[in-house]
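In what follows, chains carry the letters A, B, and so on, assigned in the order in which the sequence lines appear, proteins first and then strands, with residues in each chain numbered from 1.
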Amino acid sequence: MLHQDDISLVFGGAAGQGIQTIADALVTVLKNNGYAVFSCQEFMSRVRGGSNSSQIRITSERRNAYVRKIDLLFVLDAEALDHLRWRIGEGTTIFAEHDQLGEEDRGRVIDTPLKEFAQKAGHPVYTNSVAVGAVLGVLGLGLEEFNDYLSREFESKGEEVVGRNHDAARLGYEFGVKSAREHHIDITLPTAAEDPASLLLDGTSGLGIGALMAGCGVVSSYPMSPSTGLLTFLAARGRRFGIVVDQAEDEIAAVNAALGASYAGARSLVTTSGGGFALMSEGVSLAGVTELPLVIHIGQRPGPATGLPTRTEQGDLNLALHAGHGDFCRVLLAPGTPAQAIKLMQRAFDIAESYQVPVFVLTDQFMLDSVSMLGDEEIVRLPLQRRVVKTGSDYERYRFTDDGISPRGVPGYGEGIVKVDSHEHDESGHLTENFTIRRKMVGKRLQRLGSLEQEAVPPERIGSDDAAALVVCWGSTRGVVEEALDILQDDNIAALHFSQVFPLHTGLGGMLEGKQVIVLENNATGQFADLLHAVTGRQADRRILKATGEPFAVEEVVEALKGGVAS
Amino acid sequence: MLHQDDISLVFGGAAGQGIQTIADALVTVLKNNGYAVFSCQEFMSRVRGGSNSSQIRITSERRNAYVRKIDLLFVLDAEALDHLRWRIGEGTTIFAEHDQLGEEDRGRVIDTPLKEFAQKAGHPVYTNSVAVGAVLGVLGLGLEEFNDYLSREFESKGEEVVGRNHDAARLGYEFGVKSAREHHIDITLPTAAEDPASLLLDGTSGLGIGALMAGCGVVSSYPMSPSTGLLTFLAARGRRFGIVVDQAEDEIAAVNAALGASYAGARSLVTTSGGGFALMSEGVSLAGVTELPLVIHIGQRPGPATGLPTRTEQGDLNLALHAGHGDFCRVLLAPGTPAQAIKLMQRAFDIAESYQVPVFVLTDQFMLDSVSMLGDEEIVRLPLQRRVVKTGSDYERYRFTDDGISPRGVPGYGEGIVKVDSHEHDESGHLTENFTIRRKMVGKRLQRLGSLEQEAVPPERIGSDDAAALVVCWGSTRGVVEEALDILQDDNIAALHFSQVFPLHTGLGGMLEGKQVIVLENNATGQFADLLHAVTGRQADRRILKATGEPFAVEEVVEALKGGVAS
Amino acid sequence: MKEGKKQTANPFDMPQKKMGWCPGCGNYRILDALKGALHESGIDRRELVIVSGIGQAAKTPQYVNANMFNGLHGRALPAALGVKLARPDLVVVAESGDGCMYGEGGNHFLHAIRRNADITVIVHNNMVYGLTKGQASPTSMVGMTTPVQVEGVMLEPFNPLAVALSLGAPFVARASAGDGDQTKDIFKQALAFKGVSVVDVFQPCVVFNKLNTYKWFSEHTFYLDSSHDVTDRTQAIRISLDSERLALGVLYRHEGRETYEELLGAEPAALGEQRLADDELQEVINSFR
Amino acid sequence: MKEGKKQTANPFDMPQKKMGWCPGCGNYRILDALKGALHESGIDRRELVIVSGIGQAAKTPQYVNANMFNGLHGRALPAALGVKLARPDLVVVAESGDGCMYGEGGNHFLHAIRRNADITVIVHNNMVYGLTKGQASPTSMVGMTTPVQVEGVMLEPFNPLAVALSLGAPFVARASAGDGDQTKDIFKQALAFKGVSVVDVFQPCVVFNKLNTYKWFSEHTFYLDSSHDVTDRTQAIRISLDSERLALGVLYRHEGRETYEELLGAEPAALGEQRLADDELQEVINSFR
Ligand SMILES: Cc1ncc(C[n+]2csc(CCOP(=O)(O)OP(=O)(O)O)c2C)c(N)n1
Ligand SMILES: Cc1ncc(C[n+]2csc(CCOP(=O)(O)OP(=O)(O)O)c2C)c(N)n1
Ligand code: SF4
Ligand code: SF4
Ligand SMILES: [Mg+2]
Ligand SMILES: [Mg+2]
């Protein structure tokens with residue numbers, strides 16, 4: 001069978017069988033071999049069993065999207081095969097242990113005795129190394145990079161373990177080479193033109209690095225998929241970076257603790273998902289009235305309620321836009337790549353502090369768990385500028401100013417005292433029922449929206465200025481749209497990717513003028529299309545929506561955009 | 001001084017001084033005398049002290065709005081006078097005990113020795129009766145109705161207490177008559193053309209009666225101004241009507257208990273305000289995914305956060321529209337009068353049960369605490385139709401149907417079992433990660449929006465069909481807009497009042513076509529104007545907004561609409 | 001509408017369904033004990049509601065052939081209360097994990113006990129957050145390292161029995177998943193008890209909790225014997241505070257308190273018929289004249 | 001930056017402000033005791049943060065000339081924790097009413113105690129919801145009627161001391177607003193204590209609680225004397241469970257436990273300067289190659 005151009009490898013198996021470990025190793029080894037790679041995960045909400053899969057793509061250009069097609073499929077059990085069957089095409093070569101499968105599938109599948117080899121190498125635990133070796137053999141690559149990888153990985157476990165892993169890899173490798181030959185698997189890989197020193201980063205780690213760079217001081221959160229990774233990223237590095245990590249008893253505690261910390265001067269962060277965030281709504285309102293900086297990361301997953309805990313969706317936009325009672329300002333960012341995650345996380349802290357508003361970073365399971373490639377030059381470090389003032393003895397926290405933003409003092413820094421209040425308050429922060437002050441305070445809190453609009457990150461245009469149709473997307477769908485456009489090669493379609501979704505940049509209306517507007521988003525109703533309409537008055541001509549819990553596949557976006565631009 | 005047409009009486013004093021008692025008595029006595037009356041309250045967030053006031057209007061037609069002007073002002077202390085000073089005009093006659101006031105005010109104020117008379121009648125506790133008597137004297141009305149009122153009110157306390165109250169009333173009355181004469185207070189009351197048997201109802205009681213009529217079975221709530229009144233209304237009548245009233249430990253418990261009760265077959269209700277409701281956001285999402293009927297009353301008050309706890313605002317519309325993560329349907333009602341409250345509360349329960357969705361009833365402090373007049377014919381009783389089915393042994397809670405609504409069984413009623421689930425689930429209610437079922441379930445939950453739009457309560461037109469300008473309002477502002485239009489007598493301005501704010505009625509776009517659209521609402525940004533724009537694509541030509549914590553006054557709406565319709 | 005009770009078949013068994021737990025997990029044993037207890041208690045599965053939150057433990061009712069309210073993480077108890085208030089005639093069990101009941105839902109735990117509705121509360125206490133992959137739970141032992149508690153758990157473990165007893169819970173017990181028969185028996189007692197009954201069940205999580213294993217539990221626990229006076233609250237508290245030797249069985253029971261639903265006079269929600277007293281309603285309306 | 005400590009003037013006094021409490025309310029006495037204790041403890045008002053929730057009690061910091069975080073109803077404790085984690089060098093007091101701390105905020109009460117951050121928790125316990133006009137609070141006595149509890153309170157009162165002790169709180173005390181000097185003294189001990197200190201203060205609400213008056217409190221309380229061993233937890237629990245004779249004073253104290261912020265190694269948030277270790281950061285980035 002012939003496999004060429006971009007290659008899609010998929011590993012399927014039950015939770016606990018190690019497919020994630022296989023994918024992690026392989027993607028690194030491939031990168032170290034100079035290939036452009038991407039990987040993404042889909043898994044069930046269980047710890048053992050079920051059917052999960054990891055995709056690794058080897059591409060001619062750096063990519064950041066999921067494809068449906070599978071060139072080489074490795075399944076660890078029959079359930080995984082069933083789970084992935086709908087994606088198996090003519091061009092799919094399948095590997096599995098025959099004795100795991102039903103009779104009818106065996107003919108189609110190359111018998112791959114992973115466990116046998118592992119046992120030969122000394123223990124079933126080496127199955128993963130066998131598997132990676134086998135893949136490398138099939139792909140016709142060398143084993144050196146993988147051997148180095150194994151040496152590094154198991155260094156601490158001693159030479160014997162390293163050696164056995166090497167053995168396992170070799171057994172797998174030899175099997176792979178042989179299979180390719182015997183089964184006429186003919187793979188042409190894209191050119192290996194990448195710098196092997198490139199970075200491989202998932203969305204979660206991008207956010208984490210951004211938070212470190214931003215000088216995050218306190219993170220208080222309650223675990224919830226898919227947002228927990230950011231908490232563990234920071235927990236693992238907390239001591240070294242002076243970050244206090246507190247696992248709260250619930251999300252309400254988390255957001256209130258973060259606000260307490262913010263009041264006391266720390267840059268503070270909460271990370272959660274839709275359901276947990278819903279519980280923070282009142283806290284968002286507290287951030288609004290107290291004018292305390294706060295960064296809120298929402299790793300979106302399909303709702304309503306518990307929904308599909310480990311799947312992906314962009315369904316919490318409306319909630320993030322409107323959570324909290326009363327009128328006040330907020331900012332919503334939505335990185336589309338790990339590099340954007342690094343940058344926007346820093347921006348989030350900076351805007352939160354400059355404007356004294358809550359800033360949301362919206363991601364989703366797909367984005368958080370996908371690993372993509374980037375060069376050091378893509379890692380942007382923004383200046384870290386704190387904006388806390390030393391208070392004088394006559395300090396008042398809510399002093400009226402021209403731009404509505406009062407110099408921010410914190411307790412124990414200067415001669416003054418700092419009073420913040422969830423009630424409507426006067427300039428000194430004491431509660432008041434004076435209607436005139438109320439009116440002015442409402443205005444003060446809303447006034448900054450103007451500057452926030454002006455400072456908004458403008459959408460990024462992908463493709464030609466003159467295209468008649470614009471595919472509007474936000475957050476995690478950047479990669480899939482970009483790739484679909486590259487495939488379509490249609491000068492009449494370009495895209496606008498929004499990495500800031502609120503407030504929208506002022507110049508926006510103009511960009512849409514005279515264009516056919518196609519909004520693509522990973523939710524059921526088109527929440528961003530509604531927002532775009534609300535802000536610009538422009539209805540989307542067409543909405544491409546998906547809310548099954550899966551990310552968009554490149555193929556389906558191509559399909560949807562093909563037939564041309566007329567809707 | 002001459003007072004004619006509509007009369008505005010205002011009583012000002014500290015919390016605990018009894019001005020509310022005075023107003024309650026007086027409004028009833030006036031009603032019993034055949035006058036059209038209205039009363040409203042404004043008070044500080046404290047139990048004793050501060051400055052509160054009650055307004056009573058005697059009007060030529062039934063009214064439902066606050067006016068700034070004061071004809072007769074009774075203040076119980078100097079602070080109250082200061083508090084109300086901005087509303088005192090040329091035409092205001094002021095009564096107060098001189099020894100409560102500063103030197104400079106005494107000249108302007110009629111010395112009114114309430115406490116002295118009360119003492120004469122036996123005890124300072126009789127001050128309220130003196131005051132009411134005095135007002136009746138000044139107004140030139142008889143004392144009989146009030147004496148009857150006192151007899152009824154104090155019957156249980158024995159004849160002596162009744163007698164002393166009568167004495168107090170007489171002393172006040174004589175003083176009032178004398179003062180009117182001596183100070184040339186010349187009051188022409190509107191014709192007393194009302195049926196003395198009319199009802200006087202506040203918004204809270206309207207909601208309560210509606211809930212009783214709807215067969216509400218369980219209410220679980222946590223106290224929060226201004227929504228607590230509905231809880232106490234139902235608590236006082238719970239046993240008689242078989243309503244279980246549970247004061248929850250927090251709002252999260254309240255909404256989850258209400259959903260548990262709904263699952264088990266009771267019509268259930270929560271009552272809260274913005275901050276408490278924010279905490280229920282996740283519960284709303286649970287209602288969405290489980291398709292459980294739920295009625296949520298939000299008594300709005302100014303936010304963000306604690307804001308102004310006892311004041312009024314219409315600032316929680318956006319939150320109610322979007323609370324809860326993920327996409328699902330909901331309905332928002334917003335009664336403008338106690339009569340609408342009765343009817344819409346029943347409708348809320350009915351829609352919640354028919355469509356298996358959360359239904360919101362949005363009110364605000366002004367509406368809840370205002371007392372207006374209505375006749376028995378205005379009390380509409382809707383058929384109470386339960387829609388629970390007896391289950392068969394093969395019952396499945398989420399059976400796919402043509403309209404997306406599955407017959408609703410409850411546990412212990414029939415041969416089947418009933419499984420509801422916060423996860424995405426299959427027809428039987430068990431959790432699933434099947435993408436096809438997911439897609440269908442998402443569609444099922446959203447599908448009913450179409451019928452809900454069709455069944456939406458259409459807006460009520462006030463004024464001529466041909467008017468060039470339409471004042472759009474919702475909820476509690478109905479009365480003030482109606483009265484302002486009556487005063488303006490401008491054929492070019494009419495109004496549309498929305499008592500259902502989501503989904504909006506399908507025919508809506510047409511009603512706005514060719515009109516100048518002026519949206520008036522009691523919040524800072526124009527949340528309903530935004531919704532109107534989002535739904536109809538029609539931007540308001542003008543927004544008349546107020547977010548000081550006060551309701552709109554008739555005068556300011558007249559003022560705003562005067563200058564004609566061009567913005 | 002009683003279903004025939006056969007000797008062998010348990011009506012609470014589900015027609016075969018894939019289960020989401022890991023092989024070896026203590027949850028299987030708790031599930032078995034529960035189904036056994038329900039069956040032996042003669043409960044009609046159609047008159048039983050199992051309410052749960054979210055977590056591995058909270059999946060339990062997915063595997064029981066009875067009415068189920070699988071609600072939100074942390075919110076099993078208020079939902080169970082709602083069911084009981086609307087339908088005091090139903091048997092209500094609230095079941096979830098330690099994180100769900102003592103972490104996210106801690107406030108409801110306190111106030112559910114104060115209310116004393118007739119609800120059987122079963123907590124699968126594996127001393128870890130299982131479903132979210134191994135963070136500390138309120139009952140995790142000090143020192144246990146996790147991906148969030150990288151330097152080990154620092155917080156004093158939550159003691160559910162001592163807290164329940166301090167709050168005046170009338171039935172407080174502890175079971176251990178490894179001991180099927182005893183656990184079933186404790187469940188039966190809890191189900192039979194009128195009022196709120198709290199059963200904390202030690203449950204090994206074989207994946208994320210390498211400290212509190214089947215072995216650890218059997219080494220650190222003992223069953224209270226007949227010498228224990230279950231009506232002595234002070235004694236029960238003393239026992240509950242011992243973190244070395246962990247007592248199993250019923251620590252405390254106090255019969256005879258009226259339940260919340262009794263005090264409220266709650267009656268089963270009317271479904272078909274109109275139950276409104278029109279004259280009462282008119283009286284309410286008339287009070288506003 | 002110490003302010004001069006004069007004998008008479010208390011730096012915590014506010015320049016005259018209107019106060020929102022009713023005449024005769026117990027809150028005034030608690031406020032006085034608090035300001036006295038703060039002053040006599042030599043605390044610099046600029047290094048003190050008083051965090052509160054919402055309610056009458058929660059207005060306290062509005063009347064103290066010191067840093068204030070007047071947050072949400074029920075959420076004083078997590079906000080106080082946040083302050084302490086960001087600025088372990090500040091003195092942090094969390095103060096609110098019984099409804100706020102034990103009702104809406106009950107879960108935080110549990111877990112704040114488990115954390116043992118160095119926070120002084122003061123609860124004005126008037127056994128009623130004052131600000132919202134007289135509904136039952138978690139500590140209301142059974143039988144008290146209110147506009148919501150029309151047939152009288154039915155729930156077992158929440159026992160904050162017993163619960164705190166069950167959770168291993170290292171400092172647990174009860175005071176009574178009527179007794180100014182003793183209350184001040186208890187506050188001073190609590191402020192001086194390193195770790196979480198819980199002080200429940202009986203507070204008459206002269207408007208909505210006609211049962212638990214100044215007189216009632218003085219008749220039903222007594223002060224623990226020197227014969228009480230404050231290090232005996234079992235004894236403290238026994239005392240806390242007595243609902244007839246209500247003990248005042250410090251029931252329990254256990255010195256020497258490390259605080260949460262110490263265990264975490266929390267340091268004061270950097271404000272002016274950049275504190276990022278660039279090489280550390282590069283190392284993190286390199287780990288993704
Ligand atoms: C509001 C909310 N917060 C967080 C979560 C994520 N979550 C699901 S289960 C769980 C913890 C499970 O621990 P436990 O209750 O002990 O159950 P176990 O899995 O150990 O049986 C968490 C944090 C959620 N679903 N909802
Ligand atoms: C989320 C939320 N729920 C409810 C309220 C309304 N509320 C304000 S204070 C209060 C209770 C006050 O009782 P307590 O804490 O005992 O204080 P007290 O007034 O008695 O001092 C309530 C229910 C609120 N502000 N926020
Ligand atoms: S993760 Fe632990 S608790 Fe969850 S199913 Fe697996 S073994 Fe059981
Ligand atoms: S209502 Fe009660 S607690 Fe509140 S200020 Fe008045 S007396 Fe004090
Ligand atoms: Mg657990
Ligand atoms: Mg209180």
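Interatomic distance, OG1 of T234(C) versus CZ of R238(D), reported as 8.0 Å (0.5 Å rounding). To the nearest 0.5 Å, atom CG of residue L165(D) and atom CD1 of residue I237(C) are 10.0 Å apart.
S166(C) approaches N159(D) most closely through the heavy-atom pair O-CB, 4.1 Å. When all heavy atoms of M154(D) and L264(C) are compared, the pair lying nearest together is SD-CD2, 3.9 Å.
Proximity to chain D (any heavy atom under 4.5 Å) is restricted, for L241(C), to the side chain, taken from C-beta onward. Contact of L161(C) with chain D is not made at all, since no heavy-atom distance falls under 4.5 Å. Heavy atoms closer than 4.5 Å to chain C are found in both the backbone and the side chain of L263(D). Of the atoms belonging to P138(C), heavy atoms from both backbone and side chain fall under 4.5 Å from chain D.
Contacts from residues 101-117 of chain C to chain D, taken as heavy-atom pairs separated by less than 4.5 Å, involve Y102(C), G103(C), E104(C), G106(C), N107(C), L110(C), H111(C), R114(C), R115(C) in sequence order.
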